[in-house]
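What follows is a short report on a single structure.
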Amino acid sequence: MKMSKMFVQTMREYPADAEVISHKLLARAGFIRKLTSGVYNYLPLMWRVLKKVEDITRDEMDKAGAQELLMPFLQPKELWEQSGRWEVYGRELMRLKDRHNREMCLGPTHEEIITSIARDGLKSYKQLPVNLYQIQSKFRDEVRPRFGLLRGREFIMKDAYSFDTTEEGLDKEYKNMAQAYKNIFNRCGLPTKMVQSDSGAIGGSLSHEFMVITDTDAGENDVFYCDGCDYSANSNHAISKLPEAVTDGGFSKKEIVDTPKTTSIDLLAEFLKVPSSVILKDLVYIIDKKPVMALIRADKEVEETKLLNAFQGMEIRIATAPEIEEIMTKHGFNAAKGFIGPEGMDDIPVIADESVKDLKNFVVGINKEDKHLVGANLSDVRIDKFADIRLVQAGELCPQCGKPLKVTRGIEVGNIFKLGTKYSKPMNATYLDKDGKAQPYIMGCYGIGISRTAAAAVEAHYDEFGIKWPIAIAPYHVVITPVNIQDAEQMKIANEMYEKLISAGIEAVLDDRDERAGVKFKDADLIGFPFRITAGKTISEGLVEYKVRETGVQEKVTPEVAVQHVIDAVKAAL
RNA sequence: CGGGAUGUAGCGCAGCUUGGUAGCGCACCUCGCUUGGGACGAGGGGGUCGCAUGUUCAAAUCAUGUCAUCCCGACCA
């Protein structure tokens, strides 16, 4: 490719609306251009990168025995009603109507469609197991898209779905996919951590996420890990042992005491002169439009995803102050939210965190303004069930080996889920077993954010001058830079090297623009070509310059050697 | 959904307070000069100032409304 003809406009400044480094660099270097909020044009350089990530993914998926297909982007409401998700999927699901007023949605994921395909085609146990995948655009109408390609509304994803007859079969495929994912990210030049995770809105029993560990702001997920063993988990799934804490309030008797204006835990703890670890905090959440109460030791926080799962709900949010007032009034109470408790709220389910079990002589709200019950014990509080609903914090102890857990941030680039029969059952998607009996498929699903992976690669590989693409997903492998295109000798050597590289199968760019050297160098660094060969002032000695973007190492060598270096390096990396 | 900010050329911005011929830098085109880390000079093209309504002799500028974009927050009792 001749640089003079290449469709790329680099900018001297970062776009004003970009926050994270991958967004800034991809926009400035001419890879992407925003069309509307959370939606981007993938310009030619970006598209080359994306195709490489796709190709690596495709190659490993095929090797792992999966088969590619392509499902529609537009989906009918009916299938979503069969799975039960039409009602329960939040506003992220982009709903629309066609000219006949038929309700449709843009696919945020494809469980419903794939299940309907399987239902029609996989009738016999003899046809199973099967793993089908596609690489396609998805749409999720995020509340607040940000971070460029990392959290857009439209994005490219590889999603695979497996169908098995047994749990053992699913387990085998799950491991098979985990290995394929490791291969994919390694080949992309992106080291990832496989962490335990919650399965979220897609549902299911077991899941893992593949996280690129990054020290940039773009890491949206907290990953807890242990130096002492191999434990690692996403914050929505992490568990821990709690360090020693005061759990006995030390009150000599149970009584109702005045606690004026103690509308927060801090105020209450200060007023009663007790640590917050002996206060029972009662939070009201709205799960699938119904209120629930979550009790937890007040020095700890609730992990909403865990809470949601404890109720097997789909949508969760904390109740608003007016909603709490309404609940109070409805139950005949007249107190501010700081004084709420399960007392007299018999129709609202109450769940307590495991940590509550250790509490003795504690403090709890009883729905009376400016009053709390102190010296309470578990028998004094209505609790429907216990569950782990606690958010782990760094410094708490590893559940496996007891060492303090550490936290880091990561970008989720892939995930694998065991779905079981979550979709096959409600959608009545079955095969006939050996006995001629209909059985629902046992399913798994496996996603990779293609566009997000490319952006994560930038977060992991950049410096003050620009992007440093891993060779395997770089838009081009090498740029050849004749410093002065008026210099016939420079141009001749540059052209010869270019031809040799091209015929060796190397993706080379010749920067034949009539620009000063500085401009060409800046652009080369910004765009992030892994290698640069410069034909400049040493050409009279028969030498060119070979430079490695990643390390900054450069050496003066003959054109033949420079070309061979690039060929060797690229072959080694692919 | 709440709060804040911003919409002026492809990008980054000034002008608005105090209404009167729409500007600057980068990018783009032409010529000259220059050619190892985003040169220089001269000339040039490009904007219904987000949109609508109003006030006014006159609106980028004032008012009202609306749309869009960005940031923060969305209640830990």
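Below the 3.5 angstrom threshold, one finds no donor paired with an acceptor across the side chain of A:Glu515 and the base of B:G38. For A:Arg144 and B:G2, a side-chain-to-base donor-acceptor distance below 3.5 Å is absent, hydrogens and geometry of angles not being considered. For A:Lys547 against B:G37, a side-chain N or O and a base N or O form a donor-acceptor pair under 3.5 Å. Interface remark: the A:Asn484 side chain does not form any donor-acceptor pair with the B:G36 base, using a distance-only criterion of under 3.5 Å.
When distances run from any side-chain atom of A:Leu283 to the nucleotides B:C70, B:C76, B:G37, the shortest one goes to B:C76. Looking at the side chain of A:Lys522, the nearest of the listed nucleotides B:U35, B:C76, B:G38 is B:G38. Counting only heavy atoms from C-beta on, A:Pro15 has its side chain closest to B:G12 among B:G10, B:C1, B:G12. Here B:U69 is the nucleotide among B:G38, B:C71, B:U69 with the atom lying nearest to any side-chain atom of A:Thr36. Side-chain atoms of A:Ala16 lie closest to B:G12 of the nucleotides B:C71, B:G12, B:C76.
Within the 4.0 angstrom heavy-atom criterion, base atoms lie near A:Ile324. Residue-level contact check: A:Asp525 touches the bases, meaning some heavy atom is under 4.0 Å from a base atom.
Rounded to the nearest Å, the gap between the C1' atom of B:G54 and that of B:G12 is 34 Å. Separation of the P atoms belonging to B:C76 and B:U18 is 43 Å when rounded to the nearest angstrom. Distance noted for atom C1' between B:A58 and B:G73: 43 Å (whole Å). On the P atoms, B:C28 is 37 Å away from B:A59, given to the nearest whole Å.
Both distances falling under 3.5 Å, in either a Watson-Crick or a G-U wobble arrangement, place B:U66 opposite B:G50. B:C31 and B:G41 make up a base pair, with Watson-Crick or G-U wobble contacts both under 3.5 Å. Pair assignment for B:G20 gives B:C57, based on Watson-Crick or G-U wobble hydrogen-bonding distances that are each under 3.5 Å.
OP1 or OP2 of B:C70 lies within a sub-4.0 Å distance of a side-chain N or O belonging to A:Lys34. In this structure, A:Arg28 does not reach the B:G12 phosphate: none of its side-chain N or O atoms is under 4.0 Å from OP1 or OP2. For B:G36, the OP1/OP2 oxygens have no side-chain nitrogen or oxygen of A:Thr481 closer than 4.0 Å. At the phosphate of B:G25, neither OP1 nor OP2 sits under 4.0 Å from any side-chain N or O atom of A:Arg12.
Two residues are said to be in side-chain contact when any heavy atoms from C-beta on lie closer than 4.5 Å; A:Leu93 and A:Asp141 fail this criterion. Contact check for A:Lys492 versus A:Asn495: no side-chain heavy atoms found under the 4.5 Å cut-off. Residues A:Tyr40 and A:Leu26 are not in side-chain contact: their nearest non-hydrogen atoms beyond the backbone lie 4.5 Å or more apart.
A salt bridge does not link A:Lys300 with A:Asp353: none of the charged nitrogens is closer than 4.0 Å to a carboxylate oxygen.
The aromatic rings of A:Phe531 and A:Tyr546 sit parallel, their planes meeting at an angle under 30°, below the 60° perpendicular limit.
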